[in-house]
**Student:** 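To start, I am sharing the structure in question, which I have written as structure tokens.
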Amino acid sequence: MAPTKAPDSSRRSDRSRRAIHDAALALVAEVGYRRTTIEGIAARAGVGKQTIYRWWPSKAAVLMDAFLDLAGRSAEGAGSGGEAPSDEAAQGIPDTGDLVADLKLVLRATVDELNDPVLEAPTRALTAEGIVDAKLGAEFVHKLLDPQLALYVTRLRAAQEAGDVRADVDPRIALELLIGPLMHRWLLRTLPLTHAYADEIVDYAVGGLAPRP
């Protein structure tokens, strides 16, 4: 009689984690962050509550982990599909020597992420809840936004060294001239979020950052 193969616990754990991630993201998109519960996530994923609590201390931790995992998977898919990867944190902002072209490439990728129906609902839910839940908002900034914003700072400092940006410009403030308008239009849905709009933001911002004659 052939020996019975022992179950692969690591594979089972990976499947359970992915099921929990998918359930959490689906629920927060359907009913919002506040109405999403650990019980609901467990039922949707087909696991027990204790399985979730063994890996995460709270609902916020589950959703943050799920969102980061989703963003990582989306970046991998974009990177293998011929388009420029949309995850700046993984790829870095390009430095071709042309600041305007580099920033347009990155902002266009950001527009694509914000318009992606898979990412949009959980991003909106976590962003909105982070406004009223200071702890969740701080975690969202620390784990997701800060690493991406640091890349803008690095690229803008390189532009300063190359003489493309004034030496007195604060890169941390300058990057908000680029990101702020995108987020304003996306959050409030004032007008369509397009590549053309991203290009105009870069042209306006870089024009103001360039050395004065």
**Student:** For I52 and I41, which heavy atoms make the closest approach, and how far apart are they?
**Tutor:** CD1-CG2, 3.8 Å

**Student:** Does atom NE2 of H195 have more than 12 heavy-atom neighbours from other groups under 6.0 Å away?
**Tutor:** yes

**Student:** Heavy-atom distance under 4.5 Å between the side chains of W56 and M64, does that happen here?
**Tutor:** no

**Student:** Working note: L187 + T127, criterion side-chain contact (heavy atoms from CB on, under 4.5 Å); need CA distance, chi angles, decisive distance, verdict.
**Tutor:** CA-CA 9 Å; L187 279 171; T127 301; 3.8 Å; yes

**Student:** For A121 and A29, work out which heavy atoms get closest and say how close.
**Tutor:** CB-CB, 3.4 Å

**Student:** Determine yes or no for a side-chain-to-main-chain donor-acceptor pair under 3.5 angstrom, with Q160 supplying the side chain and V169 the backbone.
**Tutor:** yes

**Student:** Over all heavy atoms of both residues, which pair between V141 and P147 is shortest? Give the atoms and the distance, please.
**Tutor:** O-CD, 4.3 Å

**Student:** Please report the C-alpha distance between R44 and E39 in whole Å, then the side-chain angles of each, then the deciding distance to 0.1 Å, and finally whether the salt bridge (charged side-chain N to carboxylate O under 4.0 Å, His left out) criterion is met.
**Tutor:** CA-CA 9 Å; R44 184 77 160 252; E39 290 80 2; over 6 Å; no

**Student:** Grab the two heavy atoms, one from P94 and one from V106, that are nearest each other, plus how far apart they are.
**Tutor:** CD-CG2, 3.8 Å

**Student:** Under the 3.5 angstrom rule, does the side chain of K59 hit a backbone N or O of T36 as a donor-acceptor pair?
**Tutor:** yes

**Student:** For R166, look at atom CZ and say whether over 12 heavy atoms of other residues, nucleotides or ligands are found less than 6.0 Å away.
**Tutor:** yes

**Student:** Under a 4.5 Å cut-off applied to non-hydrogen side-chain atoms, are I201 and K104 in contact?
**Tutor:** no

**Student:** Between R108 and E113, is there a side-chain N and carboxylate O pair less than 4.0 Å apart?
**Tutor:** no

**Student:** Minimum heavy-atom separation for R155 to T96, with atom names?
**Tutor:** NH2-N, 4.5 Å

**Student:** Y204, L193: one ILVMFWY side-chain cluster at the under-4.5 Å cut-off?
**Tutor:** no

**Student:** Y53 versus S58: any side-chain heavy-atom pair under 4.5 Å?
**Tutor:** no

**Student:** Output yes when a side-chain donor or acceptor of D164 lies under 3.5 Å from a complementary backbone atom of A210, and no otherwise.
**Tutor:** no

**Student:** Looking at every heavy atom in both Y33 and A125, which two are closest together, and how far apart are they?
**Tutor:** CB-O, 4.5 Å

**Student:** Using the rule given for side-chain contact (heavy atoms from CB on, under 4.5 Å), can you reason through I93 versus T154, listing the C-alpha separation, both sets of side-chain angles and the distance that settles it, and then say yes or no?
**Tutor:** CA-CA 9 Å; I93 294 179; T154 297; over 6 Å; no

**Student:** Taking side chain as C-beta onward, heavy atoms only, is R34 less than 4.5 Å from V132?
**Tutor:** yes

**Student:** Taking the side chain from R124 and the backbone from W186, do they hold a donor-acceptor pair closer than 3.5 Å?
**Tutor:** yes

**Student:** Should I20 and W55 count as side-chain neighbours, where that means a heavy-atom distance under 4.5 Å?
**Tutor:** yes

**Student:** Spell out, as yes or no, whether a donor-acceptor pair under 3.5 Å connects the side chain of D22 to the backbone of A45.
**Tutor:** no

**Student:** Check whether any side-chain heavy atom of E120 lies under 4.5 Å from a side-chain heavy atom of L114, and answer yes or no.
**Tutor:** no

**Student:** Mind checking whether L107 and L182 have side chains closer than 4.5 Å, heavy atoms only?
**Tutor:** yes

**Student:** Does K143 count as lying over the ring of F67, i.e. NZ or CZ under 6.0 Å from the six-ring centre, within 45 degrees of the axis?
**Tutor:** no

**Student:** Closer than 4.0 angstrom, basic N to acidic O: yes or no for R17 and D69?
**Tutor:** no

**Student:** So, do T194 and V111 sit near enough that their side-chain heavy atoms are less than 4.5 Å apart?
**Tutor:** no

**Student:** Quick one, L149 with R172, criterion side-chain contact (heavy atoms from CB on, under 4.5 Å). Give me CA distance, side-chain angles, the key distance, then yes/no.
**Tutor:** CA-CA 8 Å; L149 297 181; R172 187 58 179 77; 3.4 Å; yes

